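To keep things clear, I will list the structure first and then write my remarks on it.
Everything quoted here is computed from the prediction, not taken from an experiment. Numbered from 1 within each chain, the chains take letters A, B, ... in sequence-line order.
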Number of protein chains: 2
Amino acid sequence: MATADSYDLDRIFHALADPTRRSILRQIAEGEHSISAIARPHDLTFAAISKHLKVLERARLIGRRKDGSFQMISLNPEALKNADRWLSYYQKFWNLRLEALKDLLERKERP
Amino acid sequence: MATADSYDLDRIFHALADPTRRSILRQIAEGEHSISAIARPHDLTFAAISKHLKVLERARLIGRRKDGSFQMISLNPEALKNADRWLSYYQKFWNLRLEALKDLLERKERP
DNA sequence: TATACACTCAACCAAATGGTTGAATGAAAG
DNA sequence: CTTTCATTCAACCATTTGGTTGAGTGTATA
């Protein structure tokens, strides 16, 4: 399984840093959507949505499939896994923090 | 425990989308560093590092403490936990994918 | 007290981002 | 074959980003 290089992470995290794009991901997590179906709930022009999809595609977060005059967009969770893998390095830190906090609270209750 | 709103996630993911900033986070994960210590291994001006730190601070990924003429920067892993919490929604998707792949491979081996 | 050190601020710059409009392309339906 | 629907492209625009330089502000130290 190939690990993401720094440039991949740049594109993945950049793609996730926009609320419209995160909203699109939630939408297609439920299943394939055409581009017009994706655009419908968003108050943006078609062209704007098209650009957002390109950003998501560049980060390999989505895939496309042609179906007649439609394009069906689907989630590609592999790329998200790369973001998760990067974050996992830091999990120990927030876990330590929480444990330290827990200790502190317990010490307060029975000193 | 307060959950991150959309605007928080914008700032967190944006902060993570830059290799210099991710490198700074790795550095201070090992312990507090002064700003000059952070700057040393990076081939950038002091002012540039100062700006990156401001981006990380805005995302609440780091904290500052004054120590004489130094400023000590430390990791604040809570914010990262918010990114992780957002991603966790998608974990089921990549897990499903991997299981489907595993199934496929196993079926190949013993058809 | 003068001088070095550790930064921050302001001004500037080029490139990228996120949006728009309007024209262009390509498939499907009348 | 014309029209309509689904989408992209090109041009444009304002704002943000990531960097620079050079001056300014504290805090130590000789």
Given [N], is OP1 or OP2 found less than 4.0 Å from the side-chain N or O atoms of [X]?
X       : N      : result
A:Arg64 : D:dT7  : no
B:Lys54 : C:dC9  : yes
A:Gln71 : D:dT8  : yes
B:His52 : D:dG19 : yes
B:Thr45 : D:dT20 : yes
A:Ser36 : D:dC5  : no
A:Ser50 : D:dT8  : yes
B:His14 : D:dT17 : yes

Note to self: Under 4.0 Å, heavy atoms only, any strand: does A:Phe46 hit a base, just the sugar-phosphate, or nothing?
What the structure shows: base
Among [options], the one nearest [X] by side-chain distance:
X       : options               : value
A:Lys51 : D:dG19, C:dG18, D:dC9 : C:dG18
A:Ser69 : D:dG19, D:dT21, D:dA6 : D:dA6
A:Ile35 : D:dG19, D:dT8, C:dC7  : D:dT8
B:Phe70 : C:dT20, C:dC7, C:dT17 : C:dC7

If I take atom CZ from residue A:Arg21 and atom NE2 from residue A:His42, how far apart are they, to the nearest 0.5 angstrom?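 Output value for this atom pair is 11.5 Å.
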Separation of [N] [atom2] from [X] [atom1] (nearest whole Å):
X       : N      : atom1 : atom2 : answer
A:Arg21 : C:dG18 : CZ    : C1'   : 8 Å
A:Ile49 : D:dC9  : CD1   : P     : 16 Å
B:Phe13 : C:dG18 : CZ    : C1'   : 19 Å
A:Leu53 : C:dG19 : CG    : P     : 12 Å
B:Asp18 : D:dG18 : CG    : C1'   : 8 Å
B:Asp10 : C:dT17 : CG    : P     : 15 Å
B:Leu56 : D:dT17 : CG    : P     : 13 Å
B:Arg11 : D:dT17 : CZ    : C1'   : 16 Å

Shortest non-hydrogen pair, B:Arg64 vs B:Ile35, comes out as NH1-CD1, 3.9 Å
Heavy-atom closest pair (A:Ala15 atom, A:Ala59 atom, distance to 0.1 Å) is CB-CB, 3.9 Å
Review point. Within a radius of less than 6.0 Å around CG of A:Asp67, do more than 12 heavy atoms belonging to other residues, nucleotides or ligands occur?
Key: yes
> Does CZ in B:Arg22 sit with more than 12 non-hydrogen atoms of other residues, nucleotides or ligands closer than 6.0 Å?
Replying inline: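 Counting other residues, nucleotides and ligands, CZ of B:Arg22 exceeds 12 neighbours.
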request  = Using heavy atoms to find the nearest nucleotide of DNA chain C for B:Met72 and A:Asp43 separately, return the residue whose nucleotide is more 5′.
outcome  =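 It is B:Met72, whose closest nucleotide lies nearer the 5' terminus.
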Judged by nearest nucleotide, the residue sitting upstream toward the 5' end of DNA chain C, B:Ser34 or A:Val55, is B:Ser34
Would you call the rings of B:Phe13 and B:Trp86 parallel, tilted or perpendicular if under 30° counts as parallel and over 60° as perpendicular?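 It falls in the perpendicular class, over 60°.
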